[in-house]
Novice: 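Right, I'll just put the structure down here and ask away after.
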Amino acid sequence: MADEKLTQIYIMGKAYDVPVGVTIMDAMEYAGYRFIRGAGCRSGFCGACGTVYRKAGEYRLEFVLACQEMVEEGMHLTQLPFTPAPRSDYTLAELDPSENVLLQHYPEIARCVSCNTCTKACPQEIEVMDYIQAALRGDVAKVAELSFDCIACGLCAMRCPADIKHYHVGQMGRRLHGVADLATPEHLTARIAQLDGGAFDGEMETLASASLADLKAKYAERVIEKVQEPEVATEEVAT
Amino acid sequence: MARTKTIPRENLRERVEELSGERVFACYQCGMCSSGCPYAEQMDRLPSQVIRDLQLDDETLLDSNAMWVCASCLACEVRCPKGVDLAKLMEALRQIHLRKALDRVSLDDLSKDEIKKLPQIALVASLRKKSG
Amino acid sequence: MTKLAYFPGCSLKDNAKRFEDAAFFVMETLGAPLEELETWNCCGTVYSLADDDLMHHIASVRNFIRTKEAGSEELVTLCAMCYNTLARVAGRVEAHADELEKINAFMDREEDYEGGIRIRHILQVLRDTIGWEALSETVVRPLDNLKIAAYYGCTLVRPQETGIDDMERPVVMADALAAVGAEPVTFPFEAECCGTYQIVDEPHLALEQSNRILRSARLAGADVVVTACPLCQHNLEQALIAPVGESEEIKSIQVVYFTELLAAALGADEATMSPVVREILSTSVTAEGGA
């Protein structure tokens, strides 16, 4: 630790020296922050660690995931881990996707002024404004396609001057598209039948009745799937 | 308790002229706008009275329904012999409310069935004209 | 003929699909097919009238950028409200370089708009590029014996700078229908407001106004009112469903998009037509052996 190279960042206005080359999330923990909320998978998938930062000397605010973005000298940042946006209640089977369902459930999409601020705020680089516009005109398939990579961090909704809840609209669009336009995958049907038939009940009961010590031991022994290395020759990459 | 929303009432003429880019003293009260307005009978002040009230800096104009009944159809604008764009004055009066988040239309009041029936342009236009 | 870059607008993909479907058929038949912009966004439907409000013009400007990207200098619309908003914004930023600069600065990392896009309503294309004679020559099912009232509403004719025709006595839509055999009637409410977005929260304003329009058209002898705007169409239809006051006269009148009747005259398959158009054809046109 002693010979570690440090850099200065500002978390909610207070200066901290943190190691060079770590993520914002690691830097915050290094600085003494303990995450009760605002951290989840730590792999860029769960959307729990939405963060806003500004680099020294720049006017723009940037929108990222704390677990994915590396700290930089002079960065000012704060977390925006949760957006208090309401989600509409619906039962998918009762909806007719040929009607303007998204507009009925999220009528504020009609307030979109096409400022594109949502798109600029998206850490997933989704064309957010375009899928909101597709939602307005009832193009559910396009909403599903464009919003596919959404992890519901909520930063779009936080930035929207029209109070649109983009990520909920996208999710509803994907669900409607799945129900109306896509075939049910066979493996999913098979797995649901397995679940309904109680194939995993015993295992669940074992886990539910296990002691904390047993659970910890099981967690430590768990088998983690190895990520396949891409089959690219290293020489090729180097040249 | 929620913050009380109020609109600034002073210097009404000046603010309306600034928002609209129109000059209300250009109007000589011929009444052409009121006679051709399809909604004049629904307004508690006639279109020509709206301009007169602006000339007199009458802040009670802000409580009139005229600006909300006006649909920017421009029947007045194309016929005004003095080239005053009354629709822009009405928009300025609406904007004075909407910029303080005093919305005339709330999405919370619209049912799903009502929205289902409406073409998108009705909803988008209504929200642009009556919500801030 | 080259394809025309086309901006649909949101309602034409939903409630007003038949307006668009018929227009596609008409323009295809006339050899000037419409090609929808690959990406587009809602124009905003109403042109913002506050002098300092540039934010609401951005939506239109984005569509101009996308028109340029599609390799066109012209953008054709069907919806009268889209036409009005896009055309007014195009004129505004053309005349005010400083405002365009602000809009471009706001869009920041995105492509700048340099001006130069011309907005045209499809009626202008039919009149000025194709011509009534050429339209006439393609008719296979003349709309003889059909008395139509062309209802223009506001946004096609006002303000004067963007109006596509005389603002007090427009004729362009009537001429289009006359070219395919129909008999236009004139009526005093042809360019009066239908009540527009007031249908959302003050429906009585829109219904009374639409009722007046329909009654006026009927008294002038029209069987059918034709529209060029999904909101006019909606309000007039609502006035038929829920009439207010004395409205015996309007019960026998029908309301359709002008493109629907043009498509019928140009030989569209009956299966593609809306039930109202089929009914109009069966009662007035085909009864006389027009098809």
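So that the names make sense, note that chain A is the first sequence line, chain B the second, and so on, each numbered from 1. Because the structure is a prediction, the values reported are computed rather than measured.
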Novice: Which atoms of B:L110 come close to chain C, meaning under 4.5 Å heavy atom to heavy atom: side chain ones, backbone ones, both, or neither?
Specialist: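 Contact with chain C: side chain only.
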Novice: Would you say the side chain of B:I121 lies within less than 4.5 Å of the side chain of C:C229, judging by non-hydrogen atoms?
Specialist: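 When only atoms from C-beta onward are counted, B:I121 and C:C229 do touch, with a gap below 4.5 Å.
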Novice: Could you tell me whether the side chains of B:K129 and C:Q198 share a donor-acceptor contact shorter than 3.5 Å?
Specialist: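 Note: B:K129 and C:Q198 side chains miss the donor-acceptor criterion.
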Novice: When rounded to the nearest 0.5 angstrom, what is the spacing between CD in B:E77 and CG in C:L49?
Specialist: 9.0 Å
Novice: Heavy-atom distances under 4.5 Å only: say whether C:S48 touches chain B with side chain, backbone, both or neither.
Specialist: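 Both parts, backbone and side chain.
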Novice: Could you please spell out the steps behind the side-chain contact (heavy atoms from CB on, under 4.5 Å) verdict for B:V124 and C:C42?
Specialist: CA-CA 9 Å; B:V124 173; C:C42 169; 4.0 Å; yes
Novice: Taking side chain as everything from C-beta outward and backbone as N, CA, C, O, which of these in C:Q233 sits under 4.5 Å from a heavy atom of chain B? Side chain, backbone, both or neither.
Specialist: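 The answer is neither part of C:Q233.
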Novice: Checking B:C37 against chain C: side chain, backbone, both or neither under 4.5 Å from a heavy atom?
Specialist: neither
Novice: Under 4.5 Å heavy-atom distance to chain B, tell me which part of C:C194 shows up: side chain, backbone, both or neither.
Specialist: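 Answer is backbone: N, CA, C or O of C:C194 sit under 4.5 Å from chain B.
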Novice: Heavy-atom distance under 4.5 Å to chain B: side chain of C:A50, backbone, both or neither?
Specialist: both
Novice: So B:R128 and C:Y197, do their side chains get closer than 4.5 Å, heavy atoms only?
Specialist: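 With C-beta onward as the side chain, the pair stays apart.
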Novice: Is B:A92 close to chain C through its backbone or its side chain, or both, or neither, when contacts mean heavy atoms under 4.5 Å?
Specialist: neither
Novice: Counting a contact as any heavy-atom pair under 4.5 Å apart, which residues of residues 39-54 of chain B contact chain C?
Specialist: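 Result: B:Y39, B:E41, B:Q42.
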Novice: Evaluate the side chain to side chain donor-acceptor pair (under 3.5 Å) criterion for residues C:D14 and B:Q120: first the C-alpha distance (whole Å), next the side-chain angles of each, then the deciding distance (0.1 Å), finally the verdict.
Specialist: CA-CA 8 Å; C:D14 194 0; B:Q120 278 87 344; 3.0 Å; yes
Novice: For chain C, find which of B:Q95, B:E114, B:R79 contributes the most heavy-atom pairs closer than 4.5 angstrom.
Specialist: B:R79
